[in-house]
Amino acid sequence: MTGKICHIIVAAGSGSRFGAAMPKQFCLMAGRPVLMETIERMRRFGGESAGILLVVSADMEAEWLRMCAAHGFESPATVHGGASRWESVSHALSHPLAQEAEVITVHDGARPLLTRELLQRVTAVSAHGNIPVIEVTDSLRRIGEDGGSEAVDRSRYRAVQTPQAFRGELLRQAYALPFSPEFTDDASVMEAAGFTDLQLTEGDPRNIKITRPGDIDIAELYLSSMQ
């Protein structure tokens with residue numbers, strides 16, 4: 001994909017399910033914070049001329065910069081996050097790097113195993129955007145309003161990953177919408193704005209999101225076999 005690219009890495013969440021003293025993206029993986037591996041891989045694979053914006057909470061910014069100094073790591077430009085993921089991305093989109101970008105990707109800071117191949121597939125943006133997905137391997141059940149459940153055909157579903165990539169102009173327009181609880185990712189914001197030509201592309205099963213403590217052990221195993 002030609003044109004200016006901006007990669008937004010969202011790392012402002014509290015990570016409450018992780019159960020650690022600090023958000024999961026700042027916990028150690030292979031001797032340094034998870035977020036550093038995420039950023040380093042985006043720098044390696046995201047294009048030499050691409051810009052990177054890191055969204056962190058105002059409360060964690062000083063601690064993040066302290067971590068960077070301790071590990072000799074240079075932080076990308078930072079933007080303060082908001083009360084929700086939607087608000088955090090919205091803040092990032094107002095930054096000059098995102099305002100000027102023709103293509104924008106949005107990636108979870110707690111997904112540290114990005115590969116060159118995945119990023120290349122995603123940034124081959126379709127008319128409106130490109131979403132990486134993987135097949136669902138577990139059985140699924142739909143919960144009814146009465147508390148009951150029923151089996152559903154898992155072949156009709158896909159698990160969504162990041163980074164997701166979009167035409168910059170369209171993503172900025174979509175985020176002009178008011179917040180809705182239904183906005184679980186950037187693709188859902190785009191669809192609500194009427195930009196529904198979103199292509200599904202092959203994700204990567206190794207591209208896991210660190211959610212629970214055991215996930216770091218799994219990520220370290222993957223990392224040991226990846227370049």
Side-chain angles (χ1 to χ4, degrees), residues 1-13 25-26 32-58 60-62 64-65 67-69 71-82 84-132 161-176 185-187 189-190 193 195 198-199 201 204 207 209:
M1 186 69 193
T2 59
K4 294 182 179 179
I5 299 179
C6 177
H7 302 294
I8 297 173
I9 298 177
V10 185
Q25 59 269 28
F26 301 108
R32 64 177 181 172
V34 167
L35 184 55
M36 290 184 183
E37 185 67 31
T38 305
I39 295 168
E40 184 173 285
R41 286 181 166 269
M42 187 63 81
R43 282 175 170 157
R44 286 171 59 190
F45 308 140
E48 293 182 1
S49 62
I52 297 178
L53 288 174
L54 174 64
V55 187
V56 295
S57 68
M60 283 299 299
E61 184 176 33
W64 164 244
L65 295 177
M67 292 177 180
C68 288
H71 289 270
F73 188 86
E74 182 179 355
S75 176
T78 58
V79 177
H80 288 167
S84 64
R85 187 184 188 281
W86 175 89
E87 189 174 355
S88 293
V89 175
S90 183
H91 288 180
L93 290 174
S94 66
H95 190 281
L97 282 176
Q99 284 289 307
E100 298 170 359
E102 296 177 33
V103 174
I104 297 173
T105 75
V106 186
H107 188 46
D108 297 322
R111 287 189 192 269
L113 301 177
L114 178 67
T115 64
R116 184 188 307 277
E117 295 77 14
L118 175 58
L119 193 56
Q120 287 176 340
R121 290 195 295 269
V122 168
T123 52
V125 178
S126 65
H128 293 162
N130 211 336
I131 315 301
Q161 299 183 327
T162 68
Q164 299 178 6
F166 308 95
R167 303 281 178 181
E169 180 182 2
L170 302 185
L171 186 64
R172 291 187 292 267
Q173 289 180 36
Y175 266 87
D185 65 357
D186 307 285
V189 180
M190 289 284 285
F195 303 127
L198 303 176
Q199 180 176 333
T201 193
D204 189 329
N207 182 33
K209 184 177 182 180

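Keep in mind that the numbers below use all heavy atoms, side chains included, and drop hydrogens, waters and symmetry copies.
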How long is the gap from [atom1] on [X] to [atom2] on [Y], to the nearest 0.5 Å?
X      : Y      : atom1 : atom2 : value
Arg111 : Gln161 : CZ    : CD    : 5.5 Å
His95  : Ile8   : NE2   : CD1   : 10.0 Å
His7   : Leu97  : NE2   : CG    : 11.0 Å
Leu171 : Leu93  : CG    : CG    : 5.0 Å
Phe195 : Glu169 : CZ    : CD    : 8.0 Å
Leu54  : His80  : CG    : NE2   : 10.0 Å

State whether [X] and [Y] are salt-bridged, where the test is any N-O pair (Lys NZ or Arg NE/NH1/NH2 against Asp/Glu carboxylate O) under 4.0 Å.
X      : Y     : result
Arg43  : Glu74 : no
Glu37  : Arg41 : yes
Asp186 : Arg85 : yes

Heavy-atom pair with the smallest gap, counting every atom of [X] and [Y]:
X      : Y      : answer
Val106 : Val89  : CG1-CG2, 4.0 Å
Val189 : Ala174 : CG1-O, 3.6 Å
Glu61  : Thr78  : OE2-OG1, 2.8 Å

Testing the 3.5 Å rule here: is there a donor-acceptor pair between the side chains of Gln25 and Thr38?
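Absent: no donor and acceptor within the cut-off.
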
Begin with the C-alpha distance, continue with both residues' side-chain angles, and end with the deciding distance and a verdict on side chain to side chain contact (heavy atoms under 4.5 Å, CB included) for Met190 and Gln164.
CA-CA 11 Å; Met190 289 284 285; Gln164 299 178 6; over 6 Å; no

Tell me if a side-chain donor or acceptor on [X] pairs with a main-chain N or O of [Y] at a distance below 3.5 Å.
X      : Y      : answer
Arg121 : Pro132 : no
Arg116 : Phe45  : no
Ser88  : Gly82  : yes

Do Thr162 and Asp185 touch side chain to side chain, with heavy atoms closer than 4.5 Å?
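SC-SC contact between Thr162 and Asp185 ruled out.
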
With heavy-atom distances below 4.5 Å as the criterion, would you say the side chains of Val55 and His91 are in contact?
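Side-chain contact under 4.5 Å: no.
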
Go through it in stages, so that I can follow the logic: the residues are Ile104 and Arg172, the test is side chain to side chain contact (heavy atoms under 4.5 Å, CB included), and I'd like the CA-CA distance, side-chain angles, deciding distance and then a yes or no.
CA-CA 9 Å; Ile104 297 173; Arg172 291 187 292 267; 3.9 Å; yes

